[in-house]
Amino acid sequence: MSRLSQWEQSFEQLCTLLLDSLNPDEHLSIDLAGEQSHFMRLNHAKVRQSGTVTDGEVTLRLSHRQRTATASLPFTSQATDRAAALHALNDLRQELPQLPEDPYIVLPQNYGSSHEEYPGQLLSPEEAPDAILPLIQGVDFTGIYASGEIVRANANSAGQRHWFATETFFLDYSMIAPSEKAVKATLAGQVWDIAKFQAQIQESKAQLQALDRPVKIIEPGRYRTYLAPAAIAEIMGMFSWGGVSESSLRQGGSALAKMREGKNLSSLFTLKENFSRGTVPRFNSQGEVAPDEVPLILAGVLVNTLVNARTAKEYGVTSNAANGSESLRAPELSPGALRTEEILAQLDTGLYLSNLHYLNWSDRVGGRITGMTRYACFWVENGEIVAPIQDLRFDDSLYTFFGENLEAITAFQSFVADVDTYESRSLGGALVPGALIRDFTFTL
Amino acid sequence: MEFDLQSALNDLHLDADWVGLRQVSENSTTRYIRDGNPEANRKSCTQGIMVEVLENGQFGYAATNRLDPQSIQAAAEQAKSQAIAAAPWAIHSFTSAVRPKAVGQYLSPRLQSSEAISVSDLVGLMTQVCETLKVSDKVVQTSALAQTVETEQRFISSNGSDVYQRFSFVETDYTATAQDGAVTQKRSDNGQLARCYQAGVEVFDPSAVLARVQQIGQQAVELLSAEECPTTTTTLVLAPDQMMLQIHESIGHPLELDRILGDERNYAGSSFVKLSDFGTLVYGSPLMNVTFDPTVPGELAGYAFDDAGMPATREYLIQAGVLLRGLGSLESQTRAKVPGVANFRANSWNRAPIDRMANLNLESGTTSFDAMIGSIESGIFMESNRSWSIDDYRNKFQFGCEYARRIENGKLTTTLRNPNYRGVTNQFWRNLVQVGDRSTMGMYGTPYCGKGEPNQVIRVGHASPMCAFTNIEVFGGAA
């Protein structure tokens, strides 16, 4: 039996046991997150660390008499899980009477069940070093290779079952020039294809040569700026942190509050959640299933926010099955008309920024974001790349750079994979174009 | 920790140069009340074992949450095969000298265990916190978060290590958001989750907690009508709850040897510090003395041994402004050939250790707070971090605070909102002109220091006195 089949069977058995043991008027939802991962860390085109992680966690959410509590515990796919889960359930039963009533309690419902599996063809952990290292010799290569199965599942006492399993890999890397500027790239997918890998490495090596020039120091000021898709994806991340969340808007924590008051972004700016790519599960930890698409900002106008069931209940609005933090799970920024071959000419003289780094709100209410340029960023004159730049700090409001100063959006989009591995490997990513901006403000 | 780790090691059938088992069991509770209503009541348990194997000069690891002999044997074999497969491509050929024999134990200081307060009492206090924060109708959101964490860790190895460490953490966050028309201001208890300690539930002393949150609510409302922080270059006085962030970002991270060695260049970033700078670089003014100190009782990242088995000791990183030592573990010290500290740390059983901060503190000076403020004709005093951003070489930073006051003619005067400042690391620290005495010290921490591939968040602690810096660019919020 494959590992995925074993996990699924074990999860099913665990759910049956727990749900059969419920008392009348008790409501339970059970969430699973698990992975079998190989991580290989690289520096200077050598292996720094290599190892595997087998991890799984189930979360029980018990509700009774208008009270809710949750407990998370290890999921090992062994018989010992059952006793531990029953113990956790009993522990929750002891705890619930000590809690106050929750006026916004959300009980499990049956929104329908789903079963998705995306098998891949991955390198074994033992194969990976010899498959990857020979091709990256001769360059200063730093990054991480991660590979293996990821599982998300959900079941509840209303009868709903969801299962999502995928086998994926990513190689996220920086190829670094003597100037310390770098080509940043990610190869991600479900099938390790040596030809694709070779082609991408060759492309990165060619780009590296463009960085091998003296670095130009740019004084702070306002410049015409092209933000490549990876840079846009960084800014999209800010929309998940005090941005498109309905609860955040209601509680004074959103940078988009002015959009509720009628302020708009540029008509070129259209943002939606698009789950049709299948890279992330459509169900959330409550088992709610998101629509294929959720338009959020349409031609610059805030038309929807992300709303989960709890927020919906508190504020009397309709849920669109957002996750607990009402953050973007499958963001897509719509393409525009700027063709690839026109980017430098339209930029004319200014900054070409491949990546941004370490963004934060410098004034959230004002929509002002600060951050740094990083990796391959260039000074462009008369449509020609002149030199890589010394890193610059920007500090500007999204109401300005995605508002009246948004000049054009590229006709192409790139999928920027989410390669975060905090606690566990992330799923999905952002589908985003590049953008040309007037008078982007740099301060340091 | 009921599992017999020593037997598991003894029973392994594995021929390797070195084997280590690190077991971690962590139990945490979260009580989160928003606007007086329960938002989350959560218990969490994670446990597992990381097996590390050294073979052919390369470490391989395998981490599993299955605590049975067969699974640990399989993990050990997996770790060994990783080491063998990676060894031809190893960045450095290590020996077991980077895993010295270590025997001992550590217990967090605490007066009361987590069982000393009932669930209902703790939830009741958090509810009271929300009620107290709401000092007026202009307070539109209140929140109270209390987290308790009990972590047990045992490390044993084939060369005789046996270390048991039990950590007790208490982490709290209380916030008030006030609104008046288009103006929104948030005030918290020394910054987001800044009050994190190794302690017991004695920190939930209702009278002390409620007195603090009363002021938080009042200051949130006060900020609504405050002036915007001016745009100017001036003398900046930072409170310890902002110094924490300043130390973390512009001293801690750039001194991590793994960054300097390039390991982090694809993620967290590199450093402006070069290996040749140790012993020579003038990092800041002569008033600047910075220690790495996992021995401070109650500070968040205290321990007796790091995850390589190196005994934790207090070390000066910067003394009289001169850079002496980096934040580098035995592995990094071997690679870099510079002195380091006991900072090889993993955030749990499922991640391999890397160079991290622990407790990183700015030592106190001799100036009282009154004397410091009294000596400044014109300046700005900022408290409590709310925004942080710095470049990947740790040079150009921009930080924002929740609350500020003008300093005029040696006195704190009007309140200012949306205070921000920016600078470049070495220039900034060389402009350090006054360091507060012990009476001005504050000790804080964060559970959210992020770094590493695969990513890890880890707990770090920072203590600092009040400090004054000259010629700093300050500014306010969006026009």
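The figures that follow rest on heavy atoms only: side chains count, while hydrogens, waters and symmetry mates do not. Lettering follows sequence order; numbering is per chain, from 1.
Ion pairing of D258(B) with R48(A) is absent here, as no side-chain N (NZ or NE/NH1/NH2) approaches a carboxylate O to less than 4.0 Å. Taking the charged nitrogens against the carboxylate oxygens, R41(A) and E264(B) do have a contact shorter than 4.0 Å, which makes a salt bridge. The residues D391(A) and K396(B) are annotated as not salt-bridged, no charged nitrogen and carboxylate oxygen being separated by less than 4.0 angstrom. Comment: R265(B) does not engage E180(A) in a salt bridge, judged by the lack of any side-chain N to carboxylate O separation of less than 4.0 angstrom. Classification of E473(B) and R393(A) as a salt-bridged pair fails, no side-chain N sitting under 4.0 Å from a carboxylate O.
Counting heavy atoms from C-beta outward, W89(B) and D130(A) have side chains that approach closer than 4.5 Å. Side-chain contact between D55(A) and W349(B): present, with at least one pair of heavy atoms (C-beta onward) separated by less than 4.5 Å. Side chains of P38(B) and L99(A) form no contact here, defined as non-hydrogen atoms less than 4.5 Å apart. Side-chain contact between R34(B) and Q251(A) is present, with at least one heavy-atom pair separated by less than 4.5 Å. Looking only at side-chain heavy atoms (C-beta outward), K46(A) and H92(B) stay at 4.5 Å or farther from each other. Inter-residue side-chain proximity for V457(B) and Y422(A) is flagged as met; some heavy-atom pair is nearer than 4.5 Å.
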Handout entry: Audit row: Q398(B), D395(A), side-chain hydrogen bond (donor to acceptor under 3.5 Å, both in side chains) steps and yes/no
Key = CA-CA 9 Å; Q398(B) 178 172 317; D395(A) 191 356; 2.9 Å; yes

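P419(B) does not touch chain A: none of its heavy atoms, backbone or side chain, sits under 4.5 Å away. Neither the backbone nor the side chain of A79(B) comes within contact range of chain A; no heavy atoms are under 4.5 Å apart. For chain A, the nearby parts of Y267(B) are the backbone and the side chain; heavy atoms of each come within less than 4.5 Å. Residue A40(B) does not touch chain A at all, counting heavy-atom pairs closer than 4.5 Å. Only the side chain of R310(A) has a heavy atom closer than 4.5 Å to any heavy atom of chain B. For Y393(B), the part sitting under 4.5 Å from any heavy atom of chain A is the side chain, from C-beta outward, and nothing else. In this structure, no portion of E26(B) lies under 4.5 Å from any heavy atom of chain A. Using a 4.5 Å cut-off between heavy atoms, A182(B) contacts chain A through its backbone alone, with no side-chain atom that close. In this structure, the portion of S424(A) lying under 4.5 Å from any heavy atom of chain B is its backbone and not its side chain. Heavy-atom distances place no part of E127(A) under 4.5 Å from chain B, backbone and side chain included. Proximity to chain A involves both the backbone and the side chain of N350(B), based on heavy atoms less than 4.5 angstrom apart. Neither the backbone nor the side chain of T29(B) comes within contact range of chain A; no heavy atom of the residue lies under 4.5 Å from a heavy atom of that chain.
Your options are D396(A), T370(A), L73(A), and the one with the most heavy-atom pairs under 4.5 Å with chain B is T370(A). Chosen from L133(A), L42(A), D81(A), the residue pairing most often with chain B at heavy-atom distances under 4.5 Å is L133(A). Put simply, of P103(A), G367(A), P97(A), the one with the most heavy-atom pairs under 4.5 Å next to chain B is P103(A). Contacts with chain B were tallied for R61(A), M372(A), R374(A), R425(A); R374(A) has the most, counting heavy-atom pairs under 4.5 Å.
Put simply, OH on Y61(B) and CD on Q49(A) are 6.5 Å apart, with the number rounded to the nearest 0.5 Å. With values rounded to the nearest 0.5 angstrom, T443(A) atom OG1 is found 4.0 Å from R422(B) atom CZ.
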